[in-house]
Every structure is written in C-alpha cells, then in structure tokens.
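Data first, discussion second: the structure below is written as structure tokens.
Letters A, B, ... mirror the listed sequences (proteins, then strands); counts begin at 1. Hydrogens, waters and symmetry mates are skipped; everything else that's a heavy atom, side chains included, is used.
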Amino acid sequence: MPRYWLMKSEPSTYGIDDLRARPRQTDCWDGVRNYQARNMLRDEIRPGDLAFFYHSSCAEPGIVGIMKITGAGRPDPTAFDPGDHHYDPESSPTAPRWYMVEVHLERKLKRTITLTELKRYPELSGLPLLKRGNRLSVMPVEPKHWKFILSLV
DNA sequence: GCCAACGTTGGC
DNA sequence: GCCAACGTTGGC
C-alpha cells in the first residue's frame, strides 16, 4: 500500500511550476534540514508513495499539486557543497546527515486548496498540518485525510 | 540534564 | 514586519 505525505516548499524559492519545468517533471526534494523530516525521507518515504505539494510562506498558502515518489531516500548532495545555501560541514558522503527523495509531478491542481479552506473541515481536524505550531516540512497524511482532500479538488 | 539565548518557520 | 511556536546550541 502506498503511503501519503505532504511536503512544503516556499514558492519564492521552489514552487510547483519549478518542478513542472524540470525534465520529465522529476526532481530531487533536497535541502531539508530537520531531523524528524530527515528520518521520514531516509526511512519511511518509498517509491510509489504519493505526496501533496504545499506552498508555504506566501500570499496563498495551500496544496497546489500531487506528486509521486520515484526515488527512495539517499544522501542529499547539497549538504556537501560549500557553495550551497544548505551546506552542512557536519555531513559527508561517508557519513551523510541529510537525505532527499526523488519526486515526479503527477498533476498541478486546477486551484489551490488553501490552508484557510482546509481549516474549515472537521474531517481534517487530525491533519498534522493543522496542528498548532507545526513546522515540519515533510509530514504524513492519513488515507482518510488524503481522500477527503482529493474530494475537494 | 537543565535551561536561557538564539535562530528559523510560517501564518497573518 | 510582527510574533508565536518550535528546534538547536552551549554554558553550567
């Protein structure tokens, strides 16, 4: 059974149109620097899983698309590059600290399902995204929540 | 191990 | 720009 996820990105840095512009609409979801999210990227997210693409820190925060995971977790090379914004000298190829997965854009939604809208539904009360103070950039989505959100599209 | 200081996230 | 919430760091 595939599992479901939600992955955040700031569109001013990397939005859904950036992914759509990649060859084969496939890219590496790198730059994540949070241990809890790292553990999911490294250990839990698998090829075949599906993920919502979420735009954060922008005019209209919300879900904008659906991605499929096409590559399992592997070391994030941006951590090894001193010139990269996400460089981490504590991470090395022999002892990688940060991981990434490969994602493919399945589709961009016709409209953004905004955070404001998601908050309206009691059916989504358990969604980690809506928990107070949540700051995780990668989080699981229960199948029932996944299906409900899809019904809103 | 505690905890204050600091940095980051992210909605508004 | 503001600020709440959370994670990380480092002194003790």
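In this pair, A:Trp29 and A:Tyr14 present their aromatic rings perpendicular. The plane angle is above 60°, beyond the 30 to 60° band.
Ion pair A:Asp27/A:Arg22 flagged as a salt bridge, since at least one NZ, NE, NH1 or NH2 atom sits closer than 4.0 Å to an Asp/Glu carboxylate oxygen.
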Just distance, no hydrogens or angles: give the donor-acceptor pairs under 3.5 Å from side chains in residues 53-67 of chain A, sequence neighbours left out.
unit_1	atom_1	unit_2	atom_2	d
A:His55	NE2	A:Ile16	N	3.1

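Contacts of residues 108-117 of chain A with DNA chain B (heavy atom under 4.0 Å): A:Leu115.
Residue pairs meeting the side chain to side chain donor-acceptor pair (under 3.5 Å) criterion with at least one member in residues 114-126 of chain A, sequence neighbours excluded: A:Arg111-A:Glu117, A:Glu117-A:Tyr121. For residues 74-110 of chain A, every residue pair satisfying the ring pair (Phe, Tyr, Trp, His ring centres under 6.0 Å) rule, not counting sequence neighbours, is listed here: A:Tyr35-A:Trp98.
Using a 4.0 Å heavy-atom distance criterion, A:Lys119 is classed as a sugar-phosphate-only contact. Within the 4.0 angstrom heavy-atom criterion, only backbone atoms of the sugar-phosphate kind lie near A:Ser56; the bases stay farther away.
Considering only residues two or more places apart in sequence or on other chains, A:Lys108 meets the side chain to side chain donor-acceptor pair (under 3.5 Å) condition with A:Asp17.
Within 6.0 Å of CD in A:Gln36 there are 12 or fewer heavy atoms belonging to other residues, nucleotides or ligands.
In terms of heavy atoms, A:Pro75 sits closest to A:Met100 at O-CE, 3.8 Å.
For DNA chain B, the contact window with chain A, defined by any atom under 4.0 Å from a protein heavy atom, covers B:dG7 to B:dC12 in 5' to 3' order.
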